[in-house]
Amino acid sequence: MSLAPPLVEFHDVTVAYGRRPVLWNVDLTISEPCLFGVVGPNGAGKSTLLKAALGLVPLAGGMVRLFGQPLERVRRRVGYVPQRETVDWDFPVSVMDVVLMGTYSRVGWLRRPAAAERAVARESLARVGLEDLADRQIGRLSGGQQQRVFLARALAQQADVYFLDEPMAGVDARSQEQILAVLSGLRDAGKLVIVVHHDLRAVTDWFDAVALIDMRLVAAGPTRETLTPDNLRRTYAGAIDVLDEVGRAVQRRSRTP
Ligand SMILES: Nc1ncnc2c1ncn2[C@@H]1O[C@H](COP(=O)(O)OP(=O)(O)O)[C@@H](O)[C@H]1O
Ligand SMILES: [Mg+2]
């Protein structure tokens, strides 16, 4: 029996923007390193759940623990890849600069990155297949390359728990495979990798466990037991209503002579 605390715990977490709650009473515990998917419709609160874990939004209620501790004490052990739309890609920095940022929590802001940090950054770039683009300005990369730069930054941080928000959105099939392979490698190296992802087929094929979210936690557990038609219906109920409406509209139109 292990006495180590769970890696990630949400206890009765509620988050509101202004006065509108968008996540209600989430209880979720992840004890073991694994590849963990967060799934749910647009606006379900998936990004908010990650931000709550990372201390990027205030909690209206409840508590988050990482490694059994408040985030402030374990920040260096936590890596984050934000959703791509939220990043300013015109910011004039090179690929290497971005990846070196991953080492700052170890280097300290005032010290120049030394050879050791550059070596870690270069090795991280090689793991995502971008070693040749180290000097390129980040705005001049394809979407898939941009996602992989942020993944390399997270790798360079050498964290124990990773949160990735749709790291495969808008990337080509080759980048997607490459990213999934890197994430599986992290899991195999004993890391917990939590990924917001909308491709249910990829989640089924690659992910060990999932949480289904629609403003509340609908279900969580091992992928095969949790991604059931019933749970999916409960998670996407709002979205399915929209589809029904479209379906009825199409039928009405096809009936009119
Ligand atoms: N900074 C914000 N201010 C106000 N509302 C927000 C903010 N960020 C997200 N929201 C709203 O909160 C809800 C959940 O958003 P989000 O967590 O981004 O969902 P998801 O990632 O599942 O698409 C949505 O209705 C969204 O419009
Ligand atoms: Mg989101």
Side-chain angles (χ1 to χ4, degrees), residues 8-30 35-64 66 71 78-89 91 143-144 146-151 153-154 161-171 175-176 179-180 183 192-204 206-207 209-221 223 226-227 231-243 245-246:
V8 174
E9 299 162 81
F10 294 86
H11 293 290
D12 204 20
V13 167
T14 295
V15 180
Y17 292 112
R19 296 173 62 176
R20 190 166 71 95
V22 297
L23 265 187
W24 292 87
N25 307 113
V26 172
D27 274 302
L28 175 65
T29 298
I30 309 175
L35 191 43
F36 190 99
V38 177
V39 169
N42 272 338
K46 304 180 297 295
S47 296
T48 301
L49 183 77
L50 264 52
K51 289 177 183 169
L54 293 154
L56 299 174
V57 291
L59 305 186
M63 170 178 91
V64 175
L66 300 168
L71 176 75
V78 181
Y80 176 43
V81 175
Q83 218 170 327
R84 192 156 58 96
E85 302 86 90
T86 64
V87 175
D88 176 8
W89 295 103
F91 201 66
Q146 289 175 338
Q147 294 288 38
R148 284 187 277 146
V149 170
F150 272 72
L151 183 55
R153 181 182 71 165
V161 171
Y162 289 94
F163 292 91
L164 300 98
D165 200 345
E166 303 210 24
M168 289 161 283
V171 314
S175 285
Q176 166 147 333
I179 291 169
L180 282 166
L183 299 183
L192 171 59
V193 184
I194 300 172
V195 188
V196 177
H197 195 35
H198 60 265
D199 179 349
L200 292 177
R201 184 174 299 264
V203 170
T204 309
W206 291 77
F207 288 44
V210 292
L212 297 175
I213 305 268
D214 186 19
M215 297 181 75
R216 296 168 187 274
L217 183 69
V218 176
T223 305
T226 309
L227 275 189
N231 280 340
L232 287 170
R233 252 193 305 275
R234 286 164 64 207
T235 309
Y236 289 91
I240 286 167
D241 284 350
V242 172
L243 289 181
E245 234 166 82
V246 173

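Just follow the structure's listing: the first ligand is 1, and inside any ligand the first atom is 1.
Close contacts of ligand 1 with Pro41, meaning ligand atoms under 4.0 Å from a residue heavy atom, involve 22 (O). Under a 4.0 Å criterion applied to the non-hydrogen atoms of Ala44, ligand 1 contributes the atoms 19 (O), 20 (P), 22 (O).
Taking distance alone, with nitrogen or oxygen atoms compared against 3.5 Å, Asn42 stays at or beyond that limit from ligand 1. The shortest N/O to N/O separation between Gln83 and ligand 1 does not fall below 3.5 Å. Geometrically, ligand 1 and Val22 share no nitrogen or oxygen pair separated by less than 3.5 Å.
Nearest-heavy-atom check against atom 22 (O) of ligand 1 across His198, Glu166, Lys46 picks out Lys46.
Within the 4.0 Å heavy-atom criterion, the part of Arg20 lying near ligand 1 is the side chain and not the backbone.
Of all protein N/O/S atoms, those lying under 2.8 Å from the Mg ion (ligand 2) come to 2.
Closest non-hydrogen pair, Val171 versus Gln147, comes out as CG1-CG, 3.6 Å.
Protein heavy atom nearest atom 14 (C) of ligand 1, with residue, atom name and distance: Gly43 O, 3.5 Å. Nearest protein heavy-atom neighbour of atom 18 (O) of ligand 1: Ser47 CB, 3.7 Å. Atom 9 (C) of ligand 1 has as its closest protein heavy atom Tyr17 CE1, 3.4 Å. For atom 19 (O) of ligand 1, the closest non-hydrogen atom on the protein side is Gly45 N, 3.2 Å. The protein heavy atom nearest to atom 15 (O) of ligand 1 is Thr48 OG1, 3.8 Å.
Counting only distance, with no hydrogens or angles, the side chain of Thr29 and the backbone of Glu9 share no donor-acceptor pair below 3.5 Å.
Here Trp24 contributes atom CH2 and Ile213 contributes atom CD1; the two are 15.0 Å apart, rounded to the nearest 0.5 Å. Rounding to the nearest 0.5 Å places NZ of Lys46 at 9.5 Å from NE2 of His198.
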